[in-house]
Amino acid sequence: MASALPSSFLLSSELLPIRGDKPNSVSWSFSFQHLKLSANNSIPTLTLNKGFIVEAAWTRRSRDEAAKRPNRKSWKQRTDMYMRPFLLNIFFSKRFIHAKVMHRATSKVISVATTNAKDLRNTLPSLTDNNACRIIGKLIAERSKEADVFAMSYEPNKNERIEGRLAIILDTIQDNDIIFV
C-alpha cells in the first residue's frame, strides 16, 4: 500500500485516529483540526488548523425574516417607479381605443386620449382602425408635451407582442418627439 503512493508525498501519522481520542466537537470543521500533509523538501508543507476554516455567512434571508415579510419587492421593483416615472397604458376594446399616461409614484393621470370622446367619435369613420391609432398616438404625444412630459415608458403585458395597432400607436408617439425609456 505504501508503494502505491507517490514517493514525493508522505501522509502524517496524525491523520489516522487514535483509539483513545474522543472528539471535543461534533462540527465538521473539527475533523480538519489534526490534518497535516507533508512533502519532500522541494514542495512546501501544508498545515491546516482549526482557526484556518472560515465559516460562510448566510447569503439569503433566514426563514424567520422571510416569514415576517413574505412579499418583499426586489430592488428593481422598488426603484423602477422613480427611474421611469411616467407609464403609458393602452387598452383596446372591441369598439374603442383608450390610452393614458400616468405618473407611477402619485398615480396621477397626465394625459388621456380615447376614440370614445365626442369630437373623435363623430368625426372618425372607424374608431378602431389604423387611422384611429395614429390619431390617438398624436393626441397622447401633444397632451404629454403640454404637461412637460417628454419621456415615458411602456411595459407590454405577458405574451403581448408589439405589432399591429399597438405598434402604430407607439411609432406615432415616437414620431412626435416623445422618448421611450
Gap separating the NZ atom of K145 from the OG atom of S111, nearest 0.5 angstrom: 12.0 Å

Separation of D119 CG from L139 CG (nearest 0.5 Å): 7.5 Å

Report yes if some heavy atom in the side chain of [X] is under 4.5 Å from a heavy atom in the side chain of [Y]; otherwise report no.
| X | Y | answer |
| --- | --- | --- |
| Q77 | R72 | no |
| M152 | I110 | no |
| R121 | L127 | yes |

Please check if [X] and [Y] belong to a single hydrophobic cluster, counting links between Ile, Leu, Val, Met, Phe, Trp and Tyr side chain heavy atoms closer than 4.5 Å.
| X | Y | value |
| --- | --- | --- |
| F92 | Y154 | yes |
| L166 | F96 | yes |
| I162 | V101 | yes |

Without swapping roles, check the side chain of [X] against the backbone of [Y] for a donor-acceptor pair under 3.5 Å.
| X | Y | answer |
| --- | --- | --- |
| D80 | K76 | no |
| S153 | F86 | yes |
| R165 | T128 | yes |

Where do [X] and [Y] come nearest, in terms of heavy atoms and distance?
| X | Y | answer |
| --- | --- | --- |
| R84 | E155 | NH2-OE2, 2.7 Å |
| I135 | L120 | CG2-CD2, 3.9 Å |
| S126 | A132 | O-CB, 3.7 Å |
| S93 | F91 | CB-CE2, 3.7 Å |
| N116 | H98 | CB-CE1, 4.3 Å |
| N131 | L124 | ND2-CD2, 4.5 Å |

Verdict with reasoning, K100 to M102, per side-chain contact (heavy atoms from CB on, under 4.5 Å): CA-CA 6 Å; K100 64 181 173 180; M102 290 183 61; 3.8 Å; yes

Neighbour count >12 (heavy atoms, 6.0 Å) for atom CZ, R161: no

I90/I136 under side-chain contact (heavy atoms from CB on, under 4.5 Å): CA gap, chis, key distance, verdict: CA-CA 10 Å; I90 301 173; I136 291 295; over 6 Å; no

Identify all side-chain donor-acceptor contacts of residues 168-181 below 3.5 Å with residues at least two apart in sequence or on another chain.
residue, atom, partner, partner atom, Å
T172, OG1, I168, O, 2.7
N176, ND2, T172, O, 2.9

